[in-house]
Trainee: 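The structure that follows is given in the form of structure tokens.
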Amino acid sequence: MAGIARPLSSKILRRFAAGDPEAVRALYNRYAKAVFTVTYSALRDRSLAEEAVQATFLQAWRAAGRFDTDRDPAPWLYAIARRAAVDVHRRERRHQGREPFDTDMAALPETFEHTWEAWQIRLAIDEMPAEQQAVIEAIYFLGLTQAETARRLNVALGTVKSRSYRAHQRLATLLAHLDEATA
Amino acid sequence: MTCDRARTLYLAGDAGDDELAHLAACAACRDERSALDTTRSALSGRAMWLEPAPHIADQVVAMISGSPAAAVREPRRRAKAWTRLAAVAAAVVVAVGLGIATRPPAPDWEVAMPGTEAAPAATASVKGWNEEGGTRLRLNIAGLPDAPTGSVYEFWLTSDAVHVSAGTFAAAGEVELWVGVARRDYPRLWVTLEKLDEDESLSGVNVMDTGY
Ligand SMILES: [Zn+2]
């Protein structure tokens, strides 16, 4: 489990915009999980989702010179990631012969509906202290009870409860911002 | 009972009667209810917790290190030798991963690139698609021997003294490349045979060349 993901420094962002490949590694380390959350929740296939992750960072790199370093890169990267997932989805449809014409009018599946929320939630998790991440990952991904989580992480049950509370509080607070962004 | 506590416990799946009563009675919390449900459902999904395989990071960096974007900005400091081999693989990945989805059917331009004295039997056609931020290139090469072990071919676009690498390849056939510049600004297209060493400058033998 990685530690807290802090916002990228403006120095890194300037290096990225200037075309420094090492800065792409920093951008990847910060955002790859959230990009994968977007592409996997849309495509529901690991290898297609990973392909879309690669395409996302490659396209971000190609467009880096036009990136405004004074802005938060997250919404910009999200838009690229979603577009990459759409491209992969349409290509797969064409390969299956189900979408003979390249049309933007074809409806996307439901899996594309909540990618923005998923992106925001994953970013919020990345910003949590590692011990909070460990607790909610155990509960949601491993499906453990709080007591089982306490044993697994070798901490007191009360500690699991308080970490879980703070993690959920952070996510509940995030929702107000989600509403603003999608309103 | 505060809104914050009611929402937090509801999201955690720990809401008791007090919290549920608040969520039902409070207009602000009622508005949040479906967003809370969406979040709870997202947290339970695999997409929230799975991560890309570790090698994806290296592939991204390899693709980028072999990408011309860096060369445009720092023409004398190209990718290190080992990344050139990665660039060959990356060109294939780009072709499979992106080309089919985005490439228009007809190229925007096409030019013949004959072999030089160093490779008199070589012929090639170079097709280009002008795209935002650069050019997608497809080379169809014949009559060019495979690059010897320890060497690769490198494709360049040149304007006066500025050379931009579009990437590398090892053998004739169809090669897909991407370059972050436009051909109208870099009209000369040519190929060198470069040794895979630490010398990052353009030092190889010119094997194919359109001239200006
Ligand atoms: Zn309330």
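The structure presented is a predicted model; accordingly, all values stated were derived computationally and were not measured. Sequence lines set the chain letters: A, B, ... in the order given, protein chains first and strands last, and positions in each chain run from 1. As a basis for the values below, the full set of heavy atoms in this structure was taken, side chains included, without hydrogen atoms, waters or symmetry mates.
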Trainee: Return the option, out of B:Ser44, B:Ala57, B:Gly45, with the maximum number of heavy-atom pairs under 4.5 Å with chain A.
Mentor: B:Ala57
Trainee: If we ignore hydrogens and angles and just use 3.5 Å, is the side chain of B:Thr210 paired with the main-chain N or O of B:Leu189 as donor and acceptor?
Mentor: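 Indeed, once roles are kept as given, a pair shorter than 3.5 Å links the two residues.
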Trainee: To the nearest 0.5 Å, how far apart are NZ in A:Lys161 and CG in B:Asp14?
Mentor: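 One finds 7.0 Å between NZ of A:Lys161 and CG of B:Asp14.
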Trainee: Let's test your reading of the structure: which of B:Thr38, B:Asp4, B:Leu43, B:Val60 forms the most heavy-atom pairs below 4.5 Å with chain A?
Mentor: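 Heavy-atom pairs under 4.5 Å are most numerous for B:Leu43.
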Trainee: Does the side chain of A:Ile125 come within less than 4.5 Å of A:Arg122's, by heavy atoms?
Mentor: yes
Trainee: Can you say whether A:Tyr165 sits under 4.5 Å from chain B via the side chain, the backbone, both, or neither, judging by heavy atoms?
Mentor: both
Trainee: How about B:Thr135 and B:Trp178: does a side-chain donor come under 3.5 Å of a side-chain acceptor?
Mentor: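 No.
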Trainee: Give a yes-or-no answer on whether the side chains of A:Thr115 and A:Tyr78 include a donor-acceptor pair shorter than 3.5 Å.
Mentor: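 Present: a donor and an acceptor within the cut-off.
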Trainee: Heavy atoms, side chains only, cut-off 4.5 Å: are B:Leu157 and B:Val181 in contact?
Mentor: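 Yes, close enough: below the 4.5 Å cut-off.
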Trainee: I'd like to check B:Phe155 versus B:Leu137 (side-chain heavy atoms, cut-off strictly below 4.5 Å). Are they in contact?
Mentor: yes
Trainee: Counting a contact as any heavy-atom pair under 4.5 Å apart, which residues of residues 145-153 of chain A contact chain B?
Mentor: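 Listed by number, the contacting residues are A:Gln146.
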Trainee: Checking A:Ala118 against chain B: side chain, backbone, both or neither under 4.5 Å from a heavy atom?
Mentor: both
Trainee: Side chain of B:Gln59, backbone of A:Gln54: donor and acceptor closer than 3.5 Å?
Mentor: no
Trainee: Can a donor-acceptor pair be found between the side chains of B:Thr168 and B:Glu154 at a distance below 3.5 Å?
Mentor: no
Trainee: Heavy atoms under 4.5 Å from chain B: which residues of residues 37-48 of chain A carry them?
Mentor: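 Contacts with chain B: A:Thr37, A:Tyr40, A:Ser41, A:Arg46.
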Trainee: Please check if any side-chain donor atom of B:Asn130 sits under 3.5 Å from a side-chain acceptor atom of B:Trp109, or the reverse.
Mentor: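 Side-chain D/A pair, B:Asn130 to B:Trp109: present.
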Trainee: Consider only side-chain N and O atoms of B:Tyr10 and B:Asp37, and report whether a donor and an acceptor are under 3.5 Å apart.
Mentor: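 A pair is found: one side chain offers a donor N or O, the other an acceptor, under 3.5 Å apart.
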Trainee: Below 4.5 Å, heavy-atom pairs only: which of B:Leu50, B:Leu36, B:Leu9 has the largest tally toward chain A?
Mentor: B:Leu50
Trainee: A side-chain contact here means heavy atoms from C-beta on lying under 4.5 Å apart; do A:Gln120 and A:Leu174 qualify?
Mentor: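 A side-chain contact under 4.5 Å exists here.
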Trainee: With a 4.5 angstrom heavy-atom cut-off, which part of B:Ala42 approaches chain A: side chain, backbone, both or neither?
Mentor: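 Side chain only.
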